[in-house]
Amino acid sequence: MLSVEALRIRYGEVEAVRRVDLAVDSGEIIALVGANGAGKSSTLGAIAGLVPAVSGKVVFDGVDITGLAPEAIARKGVSLVPEGRRIFAGLTVADNLRLGGAMHLPAVEARVREEEMLELFPVLRRYHRVKGGNLSGGEQQMLAIARALMGKPRMVLLDEPSLGLAPQLIDTVFDLIAELRRSGLTILLVEQNVALALEVADRAIVLANGEVVLSGTAKELATSDLVRQAYLGA
Amino acid sequence: MIAQQIINAVSLGGVYALLALGLAIVFSIVGLINFAHGELMTLSGYALLAALVFGLPFPAAVLVAVSCGALAAVAMERVAFRPMRGASVTSLLLTSFAVSSLLKVVFQNGISARPQPVAMPGWMTGAFSFGDFTIGVGPSISIVVSALALIALELFLRRTVTGTAMRAAAEDFNVVRLMGIPASRIIATAFLLSGLLAGLAAMLWVAQRASVDPLMGFTPVLKAFIAAVVGGLGSLPGAVAGGFLLGIIEVLLQATLPAAVAPYRDAIVLSGVIAVLLVRPQGLIPAVRVQRS
């Protein structure tokens, strides 16, 4: 469904991504793991069109989307939930959700979709008229995911959904990710919490210094010596 | 006399508020302080003059003039600012100075450097009185128009998808694009609104003076810029508060200062601005803005 070929990203003199190749099939969860600064978020940013690639190619559904504007990529059905949630703090939960669906669905369908989201995230119904900035970190993460799902994307890019959340909330978020997967959504997940990521993913790719150092099924990686020593502390 | 002064003060404040809002809307979304905003005002003034000379009835002429301001703002973005998208704040600022100077020269050489009289309808210069109070028709209309424009803008920003997207874009533009909402649409709407507000402000300004000249927009937009900074640059409620505050203080000082001190009015007002910024450097009602590299 999505393939990234020989992606290279540079910020000025700093080479953030040297070479990343990856492929995501329809309906699977791929986890992109690695240390801070390994190039995970930059890779997601390049797929979503927020970060320009120096070279390489991003193909979604057989269409080359490299270098397209973020809004064009979003309208093809790829939705990024950015790191740090980045919900609109001054807008109500309702307005945050409405913007998520505005360009993807006609008004009537958007209302139906919003109802589905409120069903999936009851906490958002409780705070429907509250400004996003007044929600807790976990609630904001729910809102960010719901906002991304509003437009019925075909693929979701999740950037560090566990960042800054209390342990029981992290479990809630990952239960949700597993549930989304069961509903057939394709997910590319960036996560520093490697153990959790490997639990929920089908396959995983390990990045270090902007390069793919290891890839395989989640089970294989969870038992590999490299991953156990470097990331799982075993 | 006091009632008349209060009406004048609120009326001038309303004009400053409309102009400051136009500057704030564009700044909140593209980070540009548009110094060519005054020329949008001037252009609307000349459009009103031209429409009246061509014999259009007054309401139609006003409609044409305000539309010209709005369209000119969109054209300005398309021609001058869009190619500069992503450029530094300084480059954008210099571009807006260039557009401003260019338009001033076009007005001076293409039309005339001297003020051109605009035939305002007689009823606008009239006054009505309740007992001891005499109130000018012009300033009263000005207050009503400003109030209606503020309400309409508020409804647009709260109730429509594009308006909501604009409030969101002022916080975090990139995430709005991640929702699939085109950047160009948001930016064009911001300029359209700023042009509409400049056009309306021009009508109110010309109505008080019955003439247009190439430098017409300079002083009011400078004041509006000060108002926007006092209110909190990029904050829309701040721009409105700053505009009214500045207009009201100016008129009240004008009315109360003794003749010997009157020439120092602007100096006194600006000292007040400095005092406000010393106490509240972010302005009266600071903008909510997520700064990201």
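The structure displayed is predicted, hence computed values, not measured ones.
The pair A/K40-A/D159 fails the salt-bridge criterion, with no side-chain N (NZ, NE, NH1 or NH2) lying under 4.0 Å from an Asp/Glu carboxylate O. Using a 4.0 Å cut-off between a side-chain N of Lys or Arg and a carboxylate O of Asp or Glu, A/E211 and A/R19 do not qualify as a salt bridge.
Note on residues 117-144 of chain A: pairs passing salt bridge (charged side-chain N to carboxylate O under 4.0 Å, His left out), not counting sequence neighbours, are A/E115-A/R125, A/E119-A/R125. Listed by first and then second residue, the side-chain hydrogen bond (donor to acceptor under 3.5 Å, both in side chains) pairs involving residues 219-237 of chain B are B/K223-B/E250 (not counting sequence neighbours).
Near-neighbour residues of residues 179-186 of chain B relative to chain A, defined by a heavy atom under 4.5 Å from a heavy atom of that chain, comprise B/M179, B/G180, B/I181, B/P182, B/A183, B/R185. Contacts with chain A (heavy atom to heavy atom, under 4.5 Å) involve these residues of residues 156-164 of chain B, listed by number: B/V161, B/T164.
A cation-pi geometry, defined here as NZ or CZ lying under 6.0 Å from the six-membered ring centre and within 45° of its normal, does not hold between B/R78 and B/F191.
One distance of note links CZ of B/R85 with CG of B/L32; it measures 12.0 Å at 0.5 Å rounding.
Aromatic ring pairs are classed by plane angle as parallel below 30°, tilted from 30° to 60° and perpendicular above 60°; the pair B/F35 and B/F97 is parallel.
With A/R113 contributing its side chain and A/L149 its backbone, the two residues share a donor-acceptor pair below 3.5 Å. Judged by distance alone, with hydrogens and angles left aside, the side-chain atoms of A/S55 form no donor-acceptor pair with the main-chain N or O of A/R8 at under 3.5 Å.
Considering all non-hydrogen atoms of both residues, A/L105 and A/M150 come closest at CD1-O, 3.3 Å.
Contact of A/L50 with chain B is made through the side chain alone, with heavy-atom distances under 4.5 Å.
Put simply, of A/G90, A/A72, A/A102, A/G133, the one with the most heavy-atom pairs under 4.5 Å next to chain B is A/G90.
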